[in-house]
Amino acid sequence: MTTEAPMGLVSPFNGPVEIGLRALCLLTTAFPAAYALQRLVVYDYFLVHSDDIEGGPEGLHPRTPHRGGEILVRRGVIQEGLTLYESRGLVERVYEGGGIHFAATDKSADFLDALSAEYIQGLRERADWVVDRFQSLDDVELDLMVRSCIGTWGAEFSMESVLWTEEVP
Amino acid sequence: MRFGFTLRRLALTGPGKVPAEVTLGRGLNVIAGPSDTGKSYIVQCLDYALGSGNLPKEIPEAVGYTTVRLEIEANSDRQVYILERALRGGDVRCMTGGQPDRVLAAQHQGGRQDTVSQFLLNLSGLGSNKVRTNERGTTRPLSFRDIARLVIIDEEAVIKEDSPVLSGQVIHRTVESGVFRLLLTGTDDSSLIASEDRKIAKGRQAGKVELLEGLLKATRKRLAALGEVSTLAEERSRLTRIETSLQTALAERNTAQSNVAPLQTKRGTAWTALKTVESQLAVLSELQTRFRLLMEQYKSDLRRLSAIAEASVRLDQLKESRCPLCGALAEDQHHDHPQAHPAPADVSQACKAEAVKTLKLLQDLQSTLSATESEVVGLQTDRDTRRAQLDAISLELKGLMEQQVEVASKKVDDLRTRGERCRRAIEYLNQIQELEDLLDEAKKPKKSQRAEVAGAAVSTAQADSFSREVEVLLKAWHFPDLDRVSFSEDDQDVVISGRARGSHGKGVRAITRAAFNLALLRLCIKDERPFPNFVLIDSPLLVFEEPEAGESSFPQEIKKHFWQSVTTSFAEAQVILIENSHQLPSDLTLGGNRVELFTGNDVGRRGFIPEQVADRST
């Protein structure tokens, strides 16, 4: 985050609209597959920090210190986002495998196509890559992998963090 | 009288033999008789009892006698001692009333108290004296035998041509003169420090030479090791030249160093300047990296904002089918949730506002970044310049060092080494000179240092009072043509009226010998000198008994005066005279002095050895 939201005016960054949008990209690519919330959390990270994965495309967000922590705090907001888009009929709750999974709807693709921002394009390309790259891993494997790498993401700044302190959102 | 002792009784004993005795006392004692009555034997026995090395000559009458006993009385305390000695030889037994018997060795040995010699010397007051034995000043302790010669004069000694002081053996001359001097003056040679034996001195010299030669050799070797070396004078002047050059070289080096110094400072400054720029650069570069990252962040933010805004708008256009909060279908919605999050419409507004801010920030950052960038470029140029400057100075410095300072330093070192070598050479040359001088000195034959040690012979001056005494006696005896008596240092004898005593005939020699020894006795008593204080003379009046040709006119009246003199002059001391009975004064009384008369026949006492009783118990 680059600015602190003053009272009354909430920061649009990492809010339900943005987060939900990112989740929508992922789900749209994966359509008709449905994902658990945790997978969406992890995929969301890979989406914007694709350069932390070997062989991944250029990252969308800057490589800030301690960014690995984003995974830990995103869960709540992702839920909100999903609910928001669900209310507009773009995301669907699916009850399967003993848990709540989420999937895109047939309206999702049209919605995304209608957006012209360049950023969206980048999102959709990376979403393709993420789904493709990680769909072979099951939930448990994915969890393990993240656990092992999470410390290294953003650790390169550990010494010079004195010069630049970032508030992890 | 403090010194000396008196002979009281001489006895000859043997198992089954009647003792042969003769009694003596203070003052004059005369033993007179014809020859072969044992007079000389008495003298020998007396001397033997007093530690003489010579055994009494065996006479037929003495066969069977084994022991000599001599009774003496000390003058200082009148203590009586008996000295007993076996005739065949051996030590002397000394017996004193009230004390255990002592055995005294016959032979004198310095340091030993238990010799008869030391015993008698102690009685005479001469116990701790030393005499010198040679010209070099080697000394030995005095022995009684040295004194005996001057107090016991037998019939052979009385007519000797040699000085009464000397035995005639040249090697003993020094000792004998020393003894005489001791008796005359009381000074002995205890304080003499012997000069070195010639042989030892020679050996020392040889050793010295050897040592010096060895040292010389070693020093020469060390000198040769230095390489080519010339004479001392040349080396000295060479050293002076080197020192001068050294001074110059040092000055040069110092100049070179002082030239270098400001350049070194300059380089130091340049280096510091370079480092400053480099560190500034480093900081700015780091900052740039940060700024670029921030730039990325801003750009990313802007893109995101635009996407979010668009998505919001689109979302807004869609109809809500489910509750955004709880997801309830539209038909099931009869609740009121507080708007937990902004409606999409609000979000797009927020995005727009945010974008504006971010854009502003981005722009600010842009300018900051470009300012930084140009600053960095400037610093880089600066750095390059300074580096170039530093390199230039370093190069110049290096050149200067190599050329001037190092060259000059090397020259200084070089000169120092040469100077050192020169100094060493001079040192060695000096040493060699010294050693050579010492060697020459050591090789010189040494003159024997006779002059240093005071003469051993008694001088005329030392014997002056003695000469007076002799003169007095001779005068009393009415010695013919008597003028002065002096002492000859060379002869160690008196010179009577300009004529050496020893040059006279034997008769005159005998009487003058008597004068000599009696004068010595008188002098010692008069001056209270340590002396045995008795004198025994055998046949002093030989001149009348057996005159030589030229002595027949020796005046007879001298005899009268002689006896007169000796009878009265020696009350305290002891004088024992042995003479032929003819020579005694006609009245034979001799003023109450003791006279032992041997007759040689059955009338009176035959001789020393008594007639043996016919039956002897063996």
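Numbered from 1 within each chain, the chains take letters A, B, ... in sequence-line order. For clarity, every value in this text was computed on a predicted model and none was experimentally measured. What's counted below: heavy atoms across the whole structure, side chains too, no hydrogens, waters or symmetry copies.
The environment of CD in E58(A) is sparse: at most 12 heavy-atom neighbours from other residues, nucleotides or ligands sit within 6.0 Å. Environment of CZ in R421(B): crowded, with over 12 heavy atoms of neighbouring residues, nucleotides or ligands closer than 6.0 Å. More than 12 heavy-atom neighbours from other residues, nucleotides or ligands sit within 6.0 angstrom of CH2 on W129(A). Atom CZ of R39(A) has more than 12 heavy atoms from other residues, nucleotides or ligands within 6.0 Å.
Contact record, S300(B) with H61(A): OG-CD2, 3.7 Å, taken as the closest heavy-atom pair. Contact detail for P12(A) and L305(B): the closest heavy-atom pair is CG-CD2, 3.4 Å. In plain terms, the two heavy atoms of A307(B) and L21(A) that are nearest each other are O-CD2, 4.3 Å. The two residues L115(A) and R314(B) make their nearest non-hydrogen contact at CD2-CG, 3.5 Å.
Most heavy-atom pairs under 4.5 Å with chain A, from the set S348(B), A309(B), C351(B): that is C351(B).
Between the side chain of R88(A) and the main chain of L315(B), a donor-acceptor pair closer than 3.5 Å is present. Formation of a donor-acceptor pair under 3.5 Å by the E118(A) side chain with backbone atoms of R303(B) is not found in this model.
Note that the CZ atom of F111(A) and the CD atom of Q317(B) stand 8.5 Å from one another [nearest 0.5 Å].
Of the atoms belonging to L60(A), it is backbone heavy atoms, and not side-chain ones, that fall under 4.5 Å from chain B. For L82(A), no part lies near chain B; criterion is any non-hydrogen pair under 4.5 Å.
For the pair R304(B) and N14(A), the minimum side-chain heavy-atom distance is below 4.5 Å.
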